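First the structure, in the form of structure tokens, and then the observations on it.
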2 protein chains.
Amino acid sequence: MKKIIPRKTIQRLLLYYRYLLFLLQQGTKNISSTSFADILEISAAQLRKDLSYFGKFGTQGAGYDVLALRDEIAKILGIDKERKVCIVGLGNLGLALLGYKGFASLGFVVTAIFDNSPQKIGRKIKGFACYDIKELIPVVKNNKIEIALLTVPSEAAQEVARRMEDAGIKAILNFTPVKLSLSKKIKINNVDLAAELKTLSYFL
Amino acid sequence: MKKIIPRKTIQRLLLYYRYLLFLLQQGTKNISSTSFADILEISAAQLRKDLSYFGKFGTQGAGYDVLALRDEIAKILGIDKERKVCIVGLGNLGLALLGYKGFASLGFVVTAIFDNSPQKIGRKIKGFACYDIKELIPVVKNNKIEIALLTVPSEAAQEVARRMEDAGIKAILNFTPVKLSLSKKIKINNVDLAAELKTLSYFL
DNA sequence: AGGCGGTTGTGAATTATTTCACTATTATAA
DNA sequence: TTATAATAGTGAAATAATTCACAACCGCCT
Ligand SMILES: NC(=O)c1ccc[n+]([C@@H]2O[C@H](COP(=O)([O-])OP(=O)(O)OC[C@H]3O[C@@H](n4cnc5c(N)ncnc54)[C@H](O)[C@@H]3O)[C@@H](O)[C@H]2O)c1
Ligand SMILES: NC(=O)c1ccc[n+]([C@@H]2O[C@H](COP(=O)([O-])OP(=O)(O)OC[C@H]3O[C@@H](n4cnc5c(N)ncnc54)[C@H](O)[C@@H]3O)[C@@H](O)[C@H]2O)c1
């Protein structure tokens, strides 16, 4: 069972989780890999293989218990465990993310928000007190924040990211189109919306 | 030139393009695959292979002409060609995307915006007149809009997407965590921010 | 209890993507 | 002019991800 788990498998796990919630609401108690895969428009083999990385959750001849599978996936993904995040850069995108309720149900707790604009520092924004970016290091350290959402203008991205590193941030979700150069220890996930759109249009 | 081009190759092409712009600004006229790949933190073979799907752009012994390569990639990606997009759902995320300047330089022109809230319909938002979602079909058809950014609440996503299909939209960038069921003809790209964040934290 | 239809879990096969490693070509130094 | 070093392009090999296909099993029916 000791295997390396594809990143894409983890991504799909959340997809499974969401649909299990939905099935539960509908009162579905049990589902087979084939019908679940049909709903998700993936192959049944992929669904089963994904789950097989973590154990055996189904019953041959009968399928999966929806409730039990939901709980197993929640456990795998650590949905119950809280992760502290901060948002750095409260412009268009930062504010949108701050306003998003969907993160909380996955265990992400916005613990601090930062900007460098005097118009924002010290003010309450959507219920959160905005810190000066200069306070990033102490605030992150004191609150043991692990994850940062980076939504500053591209020009500032590298410098702010470096500061995050110094503050002990473990992972960055980077929304800027900048390739961040940091220590290999820090996990970086790039969300490149422009690339998504361009890729989509290329294949039109 | 090979037949099928990996989706990831296209995604990287935009990365290359951005760094070529940057190199140009710096006055770099010429670059080898190895040094360019070093900057991008990918392998030189991958860079060369990606380009090889489209032709021969370099000079053996000398490397690539930065300006020429930029132009070639711009041509491949159709950066000069305009694509009309609309944004549907002007909440947190829709407004952020509307305020983003980065799309324009890649050839995307926001041509219409839609919502269903009386507070938004008819009003000017960031310089754009907001249409009633009920007018989606005629407005999209009349303006020949090809691409839609879907940022409505999850509950409304499927129904609005269906309407986009009827309107003749060719591609949807879907920001909702809903798996859209539409005809296979319509291209869908899902941007699942919650999944990105969860994946990142899983691998912490 | 035994047989049957249905379904999982998984090694093997397949397909997709990345990297290797070598050839051909070019720039340039002597 | 020729030799040498650098470097693109690419088929082949290696890796990674997905799909296939089937043995093993479960629940139910008689
Ligand atoms: N808005 C979008 O839809 C969108 C889409 C794709 C990518 N992006 C990228 O996301 C990033 C942010 O975009 P945006 O539209 O929200 O920009 P924005 O200009 O609206 O917001 C940036 C915010 O960061 C703050 N800031 C600037 N320098 C800072 C610093 N050194 N430290 C802390 N805060 C700082 C600014 O005060 C501002 O509030 C950009 O890199 C952009 O390319 C945005
Ligand atoms: N905000 C984020 O950071 C974020 C992050 C990840 C995913 N998402 C997803 O993006 C979607 C939008 O999120 P949001 O935070 O912007 O929501 P929001 O509630 O702020 O905005 C939704 C907008 O859509 C409009 N709307 C509702 N029904 C409509 C309909 N039938 N037709 C047209 N417009 C309609 C509303 O009037 C509102 O303006 C959601 O599915 C959410 O899960 C948002």
Side-chain angles (χ1 to χ4, degrees), chain A residues 1-16 20 23 28-73 76 195 199 202-203, chain B residues 1-16 19-20 23 28-73 76 190 195 199 202-203:
Chain A
M1 193 51 61
K2 190 64 210 148
K3 272 258 192 162
I4 63 151
I5 291 154
R7 183 192 184 71
K8 288 196 168 180
T9 288
I10 301 296
Q11 237 162 305
R12 280 190 298 264
L13 241 38
L14 189 59
L15 179 69
Y16 304 160
L20 290 168
L23 289 172
T28 311
K29 296 261 189 296
N30 196 274
I31 195 161
S32 73
S33 65
T34 34
S35 40
F36 196 22
D38 273 357
I39 295 171
L40 303 167
E41 291 179 45
I42 61 172
S43 79
Q46 179 155 80
L47 170 55
R48 294 201 301 271
K49 175 73 81 180
D50 281 344
L51 295 175
S52 80
Y53 287 114
F54 303 97
K56 301 182 181 190
F57 308 121
T59 315
Q60 282 151 327
Y64 298 90
D65 183 278
V66 175
L67 185 59
L69 187 56
R70 182 205 62 178
D71 290 343
E72 290 289 354
I73 295 180
I76 294 164
T199 308
Y202 177 85
F203 284 111
Chain B
M1 201 196 283
K2 304 298 175 307
K3 267 200 152 192
I4 55 155
I5 291 153
R7 184 190 185 70
K8 288 194 167 179
T9 289
I10 301 298
Q11 237 162 303
R12 280 190 297 266
L13 241 36
L14 189 59
L15 179 70
Y16 304 160
Y19 271 79
L20 290 167
L23 289 172
T28 311
K29 295 262 191 293
N30 196 275
I31 195 162
S32 72
S33 64
T34 36
S35 40
F36 196 21
D38 273 357
I39 295 172
L40 303 167
E41 291 178 49
I42 60 172
S43 80
Q46 179 156 78
L47 171 56
R48 294 200 301 271
K49 176 72 84 180
D50 281 344
L51 296 175
S52 80
Y53 287 115
F54 303 97
K56 301 181 180 189
F57 308 121
T59 315
Q60 282 150 324
Y64 298 90
D65 182 278
V66 175
L67 185 60
L69 187 57
R70 182 205 62 179
D71 290 343
E72 291 288 353
I73 294 180
I76 293 165
N190 298 297
T199 309
Y202 177 84
F203 285 110

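In what follows, chains are A, B, ... by sequence order, proteins preceding strands, each numbered from 1. Since this is a predicted model, take the numbers as computed values, not measurements.
Residue B:L47 contributes atom CG, which lies 10 Å from atom C1' of D:dA8 at whole-angstrom precision. To the nearest angstrom, C1' of D:dG27 lies 15 Å from CG of A:D65. What separates CG of A:N30 from P of C:dT7 is a distance of 9 Å, to the nearest Å. Going from atom OH of A:Y64 over to atom C1' of D:dC25 covers 13 Å, rounded to whole Å. Rounded to whole Å, the distance from CD1 on B:I4 to C1' on C:dT17 is 10 Å. Distance A:R7 CZ to D:dT18 P: 13 Å, rounded to the nearest Å. Between the CZ atom of A:F54 and the P atom of C:dT10 there is a distance of 13 Å, rounded to whole Å. B:Q11 places its CD atom 17 Å from the P atom of C:dA16, with the value rounded to the nearest Å.
Taking all atoms of both residues into account, the shortest heavy-atom contact from A:S43 to A:A37 is C-CB, 3.7 Å.
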note = Expected string for nucleotides 18-23 of chain C under the B/S/- scheme (protein heavy atoms, under 4.0 Å, primed atoms plus P, OP1, OP2 as sugar-phosphate) is SBBB--
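Contact annotation: A:K56 does not reach the phosphate of D:dC25 (side-chain N/O to OP1 or OP2, under 4.0 Å). Under 4.0 angstrom from either OP1 or OP2 of D:dA8 there lies at least one side-chain N or O belonging to B:S33.
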request  = Represent DNA chain C in dot-bracket notation, 5' to 3'. Only Watson-Crick or G-U wobble pairs with both distances under 3.5 Å count; pseudoknot-style crossings use [ ] and interstrand partners use |.
outcome  = ||||||||||||||||||||||||||||||
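Between A:I73 and A:F57 there is no side-chain heavy-atom pair separated by less than 4.5 Å.
In terms of modelled atom types and a separation under 3.5 Å, the side chain of B:T59 and the main chain of B:A62 share no donor-acceptor contact. For A:T199 (side chain) and A:A195 (main-chain N/O), a donor-acceptor pair under 3.5 Å exists by modelled atom type.
The CG atom of B:L47 sits 6.5 Å away from the CZ atom of B:F36 when rounded to the nearest 0.5 Å.
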Let me have the donor-acceptor pairs involving side chains of residues 4-15 of chain B, under 3.5 Å, with sequence neighbours excluded, atom names and distances please.
| residue | atom | partner | partner atom | Å |
| --- | --- | --- | --- | --- |
| B:R7 | NH2 | B:N189 | OD1 | 2.9 |
| B:T9 | OG1 | B:D50 | OD1 | 2.8 |
| B:R12 | NE | B:D50 | OD2 | 2.6 |
| B:R12 | NH2 | B:D50 | OD1 | 3.0 |
| B:R12 | NH2 | B:D50 | OD2 | 3.4 |

Could you go through residues 64-72 of chain B and list every donor-acceptor pair under 3.5 Å that involves a side-chain atom there, pairing it with any protein atom two or more places apart or in another chain?
| residue | atom | partner | partner atom | Å |
| --- | --- | --- | --- | --- |
| B:D65 | OD1 | B:L67 | N | 3.2 |
| B:D65 | OD1 | B:A68 | N | 2.8 |

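The stretch residues 37-48 of chain A participates, sequence neighbours left out, in these salt bridge (Lys or Arg N to Asp or Glu O under 4.0 Å) pairs: A:E41-B:K179, A:E41-B:K184.
Take B:T28 and apply the side-chain hydrogen bond (donor to acceptor under 3.5 Å, both in side chains) test, not counting sequence neighbours, and it matches no residue.
Checking C:dT7, D:dT10, C:dA27 against every side-chain atom of A:S32, the shortest atom distance belongs to C:dT7.
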